[in-house]
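Presented below is the structure to which this report refers.
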There are 2 protein chains.
Amino acid sequence: MSSESVAPTPEPRKSDAAERRRAEILEQSARLFDRSGYNKTSMNDIAEAVGVRKPTLYHYFDTKDEILYWLHEEFINTLLTQQEARIAERVPADLMVFEIMADILALMQTHKGHVRTYFENHRELPERHRTTSHEKRDRYRRMLEDAIAQGTKEGTFRHVDPGLTALAIFGMVNWAYQWYEIDGTRSPRDIATVFADLVLNGLTASPPRA
Amino acid sequence: MSSESVAPTPEPRKSDAAERRRAEILEQSARLFDRSGYNKTSMNDIAEAVGVRKPTLYHYFDTKDEILYWLHEEFINTLLTQQEARIAERVPADLMVFEIMADILALMQTHKGHVRTYFENHRELPERHRTTSHEKRDRYRRMLEDAIAQGTKEGTFRHVDPGLTALAIFGMVNWAYQWYEIDGTRSPRDIATVFADLVLNGLTASPPRA
DNA sequence: CAGGGTACCGACCGGACGGTAGAAACGGTG
DNA sequence: CACCGTTTCTACCGTCCGGTCGGTACCCTG
């Protein structure tokens, strides 16, 4: 404490290099899982991509499942933080719905491998990790449900089932992991605009009788 | 031709029993894949569930991939046939959208294992099967796009991008494979009603200015 | 510069898994 | 009832893969 005067990094709890290695392993894993699938990618493949040998991976992650678990952590924590900020700022419900959709669609550009791998394999996670990851996922789902319920309470939204409606909206955006092309013409935010317009205003031409 | 007078099944091209065995293998595969995942289910597991030995499976399907391929065939052909009938009947666009959604949601009750397995593993299919299965999938997607475009042309729907809108709608219903519980309180058709109402009329309370 | 944790590696293990070989039984047909 | 394709089985193969063992090099701290 007292001896450090010009330390550039105040508190590197764990070795800084270790943290970067860990991040690199997750990044390469996501890349390979996205390209070849979780099950068809071996720990050896990951090690090679990172530039180390297989046993070194096990210095950072106890099992392959653990890598999958942390891929989920990386993006679900982002989503939770972003939405928590909006709740604190009391963002209007309709805007919240749009922003949640935009957040998730943004992942398709920045964390496609993470998302795909989790969506397609979370059921096969060992009990412990599956449960805790589902808790965060469910917490996020409740955030959207709350935003919908709030919108109804404030008169912005019609009376709808918040649970089913949230599942519909999540479906719209989550499914993008199946078709979104990173080098496509539309940005995630453009797509969010179109999707939010659809879910807020509907497909029907003449406004429904109020 | 001339010898058969009271034949109950006019043309059992391939042995009838063989056809039933094949169907049974697909059914058990879907069940096990849904429970434990495609990759964590071995050919031996399937054989046991069917009540035969592993090599017998290979008498009906050359590879494990082929089983996955035929699981897709089973449900995509149903979907295509159902929608083709509607096109022939000139069903109105908004009803078509509802019925397509209802068809897919119905699969969650009748073919959950099929759907899940295909969605989560079609990318890892060998080139040949992947391509042909994608062709049918894309054909079905175009059907929804056409219905949307037709609705716009007829003035039922607003001006929207049919491609993106179709992807949004498919997302809503396809994603149900992740959360639909067969013994839940809501039937697939109930859910389709709610979802179609959402996508047709939107979430907003007061009608948007026309 | 001694000591101890951190990072890394070569070699290896046990087992599971997709798929095959080769032959026996079965069953419909002429 | 002889024949031939179909269906099924026992036994087996080669490979791959997640994970471990035991040790070495490295580096930071005292």
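Below, each value reflects all heavy atoms present in this structure, side chains not excepted, and no hydrogens, waters or symmetry copies.
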message = Can you tell me how the ring of B:Phe195 sits relative to the ring of B:Trp179, calling it parallel under 30°, perpendicular over 60° and tilted otherwise?
response = tilted
message = Distance check needed: C:dG18 C1' versus B:Leu68 CG, whole Å only.
response = 15 Å
message = Please report the distance, rounded to the nearest Å, between CD1 in B:Ile67 and C1' in C:dG19.
response = 12 Å
remark   = Which of D:dT7, C:dA7, D:dA11 is nearest the side chain of A:Ala18? It is C:dA7
query = Got a minute to check which stems DNA chain D is part of, using Watson-Crick or G-U wobble pairs under 3.5 Å, three or more consecutive?
reply = C:1-30 with D:1-30
query = Is it true that the NZ or CZ of A:Arg22 lies under 6.0 Å from the centre of A:Trp70's six-membered ring and within 45 degrees of the ring axis?
reply = yes
query = Atom CZ of A:Phe61 to atom P of D:dG19: distance rounded to whole Å?
reply = 13 Å
Contacts of A:Lys40 that satisfy salt bridge (charged side-chain N to carboxylate O under 4.0 Å, His left out) - sequence neighbours left out = none
query = So does B:Arg21 get a side-chain nitrogen or oxygen closer than 4.0 Å to the phosphate oxygens (OP1/OP2) of D:dT6?
reply = no
ask   = Roughly how many Å is it from CG in B:Asn44 to C1' in D:dT10, rounded to a whole number?
value = 13 Å
inquiry  = So, under a plain 3.5 Å distance rule, would you say the side chain of B:Lys54 forms a donor-acceptor pair with the base of C:dG18?
reply    = yes
note = Across all chains, not counting sequence neighbours, the ring pair (Phe, Tyr, Trp, His ring centres under 6.0 Å) partners of B:Tyr177 are B:Phe119
query = Is any side-chain heavy atom of A:Met143 less than 4.5 Å from a side-chain heavy atom of A:Glu84?
reply = yes
message = Is it the case that the side chain of B:Asp34 and the backbone of B:Arg31 share a donor-acceptor pair, with hydrogens and angles ignored and the cut-off at 3.5 Å?
response = no
B:Tyr60 side chain near D:dT8 phosphate (N/O to OP1/OP2, under 4.0 Å) = yes
ask   = Which nucleotide in the set C:dG19, C:dC9, D:dC9 lies at the smallest distance from any side-chain heavy atom of B:Thr56?
value = D:dC9
message = Tell me if a side-chain donor or acceptor on A:Thr132 pairs with a main-chain N or O of A:His129 at a distance below 3.5 Å.
response = yes
ask   = Any idea which of D:dT20, C:dT20, D:dC9 is nearest the A:Pro55 side chain?
value = D:dT20
Spacing of B:Leu57 atom CG relative to C:dA21 atom C1', expressed in whole Å = 17 Å
message = Is B:His59 close enough to D:dT7 that one of its side-chain N or O atoms is under 4.0 Å from OP1 or OP2 there?
response = yes
